[in-house]
Colleague: 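Before we start, here is the structure in question, set down as structure tokens.
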There are 2 protein chains.
Amino acid sequence: MIKKDSIKRRNTYQRQLILEILKSTTAHPTADWIYEQARKEIPNISLGTVYRNLKILKEEGLIIELTDGKQSRFDARIDNHYHFKCEKCGSIYDIEPEDIEINHSLEFKGFSIDTVDVNITGVCSKCNGENA
Amino acid sequence: MIKKDSIKRRNTYQRQLILEILKSTTAHPTADWIYEQARKEIPNISLGTVYRNLKILKEEGLIIELTDGKQSRFDARIDNHYHFKCEKCGSIYDIEPEDIEINHSLEFKGFSIDTVDVNITGVCSKCNGENA
DNA sequence: CTATGTGCAAAGTGTTTGCAAATTT
DNA sequence: AAATTTGCAAACACTTTGCACATAG
């Protein structure tokens, strides 16, 4: 497999906008939601463009993709953190690294670690408060 | 939304077979792989049946579903454990709970915890050994 | 000018579903 | 006999892609 010389990326308005939209929220939106927001600025932007740019932004390490079931969600927060998903309202919350402590002993078994992803499910404080 | 009285499940050969197949491997297979195995016993079983039964087995708590990107993978191991995915060969390994220690302090914030899922990526010992 | 990116629509992929016939209880 | 399950094929939801035109560098 020959690694293609990395492509020279342009700074298109579409790409900038998509990144901006993603940076402006902590809601871990889907491609479709981003598309709807983007249409407010560029009414005829296409969903394909949104997907293509999300892929590029991810390749460039500017965003991450959360694979929550069938639908991908995207996150412009790229520093170390984890996620909590509320089973009632579906919201995804960030978990700060200091709120969770993980120690693993895998390297000694010959495994190299690249990423550690923690996903917690449960019921969020809002939903816990509002129900009996 | 009225919760329908739980359905009385039958013990179909198809369902039993699918569970057996899943129990016989630690490879965290996809629905399609299970389908191919099942066809060896029931040549005209349909993929739809495989999906329907996987969903039922999951509802009954007999298997779990791993959502690794687009494609679901299934696991008949339902006791507490985590997963490691090798970026080179794509294999998914089980991580024993004693190999990883997690402490979180989320309950105090009003969040109730239901499941804690840890997914680690990296390079497995096999791939680390075989390459330079 | 030229390679990269866009919009559009069509195609792809994994999964779900409607239906009539078959099967379990 | 009644309700669940099956196989089949069509439908789905999300994502990717081919193409001709547009645009950034």
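Quick caveat: nothing in here was measured; it's all calculated off a predicted structure. Scope of the values below: all heavy atoms of this structure, side chains included, with no hydrogens, waters or symmetry mates. First the proteins, then the strands, lettered A, B, ... as listed; each starts at 1.
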Colleague: Does a nitrogen or oxygen in the side chain of Asn53(B) sit under 4.0 Å from OP1 or OP2 of dT6(D)?
Modeller: yes
Colleague: Check the distance between dA11(D)'s C1' and Leu47(B)'s CG and give it to me in whole angstrom.
Modeller: 15 Å
Colleague: Given atom CG of Asp68(A) and atom P of dC14(D), what is their separation to the nearest angstrom?
Modeller: 12 Å
Colleague: Report the distance from atom CD1 of Ile42(B) to atom P of dT23(C), rounded to the nearest whole Å.
Modeller: 12 Å
Colleague: When you measure only distances, ignoring hydrogens and angles, does the side chain of Arg39(B) come within 3.5 Å of the base of dG7(D) through a donor and an acceptor?
Modeller: no
Colleague: Is Thr12(A) near enough to dT23(D) that one of its side-chain N or O atoms lies under 4.0 angstrom from OP1 or OP2?
Modeller: no
Colleague: Select one nucleotide: of dG14(C), dT17(C), dG7(D), the one nearest the side-chain heavy atoms of Lys55(B).
Modeller: dT17(C)
Colleague: Nearest-Å distance, CD1 (Ile7(A)) to C1' (dT2(C))?
Modeller: 14 Å
Colleague: Base, sugar-phosphate alone, or nothing: which one does Thr30(B) contact when heavy atoms must sit under 4.0 Å apart?
Modeller: nothing
Colleague: Any side-chain N or O of Gln14(A) below 4.0 angstrom from OP1/OP2 of dG7(C)?
Modeller: yes
Colleague: Round to the nearest Å and state the distance from Gln16(A) atom CD to dT23(D) atom P.
Modeller: 15 Å
Colleague: Is there a donor in the side chain of Asp94(B) and an acceptor in the side chain of Thr26(B), or the other way round, less than 3.5 Å apart?
Modeller: no
Colleague: Is any side-chain nitrogen or oxygen of Arg15(A) closer than 4.0 Å to OP1 or OP2 of dG5(C)?
Modeller: yes
Colleague: State whether the side chain of Gln16(A) and the backbone N or O of Asn11(A) hold a donor-acceptor pair below 3.5 Å, judged by distance alone.
Modeller: yes
Colleague: Do His81(A) and Asp75(A) have side-chain atoms, one donor and one acceptor, less than 3.5 Å apart?
Modeller: yes
Colleague: Between dG7(C), dT15(C), dT25(C), which nucleotide gets closest to the side-chain atoms of Asn11(B)?
Modeller: dT25(C)
Colleague: Which residue, Arg52(B) or Ala31(B), contacts DNA chain C at a nucleotide closer to its 5' end, judged by nearest heavy atom?
Modeller: Ala31(B)
Colleague: It should be established whether Thr49(A) places a side-chain nitrogen or oxygen under 4.0 Å from OP1 or OP2 of nucleotide dG7(C).
Modeller: yes
Colleague: When you match Arg9(B) and Gly48(B) each to their closest nucleotide on DNA chain D, which lands nearer the 5' end?
Modeller: Arg9(B)
Colleague: Rounded to whole Å, please give me the gap between CG in Asn44(A) and P in dA22(D).
Modeller: 12 Å
Colleague: Using a strict cut-off of less than 4.0 Å between a Lys/Arg side-chain nitrogen and an Asp/Glu carboxylate oxygen, indicate whether Glu20(A) and Lys23(A) qualify as a salt bridge.
Modeller: no
Colleague: Quick one: Glu41(B) CD to dG7(D) P, roughly how many Å, whole number?
Modeller: 14 Å
Colleague: Closest-nucleotide mapping onto DNA chain C: is Tyr13(B) or Ser46(A) further toward the 5' terminus? I mean the 5' end.
Modeller: Ser46(A)
Colleague: Rounded to the Å, how far apart are Ile56(B) CD1 and dT4(D) C1'?
Modeller: 9 Å
Colleague: So, taking the atom named CZ in Arg9(B) and the one named CD in Glu60(B), what distance separates them when rounded to the nearest 0.5 Å?
Modeller: 6.0 Å
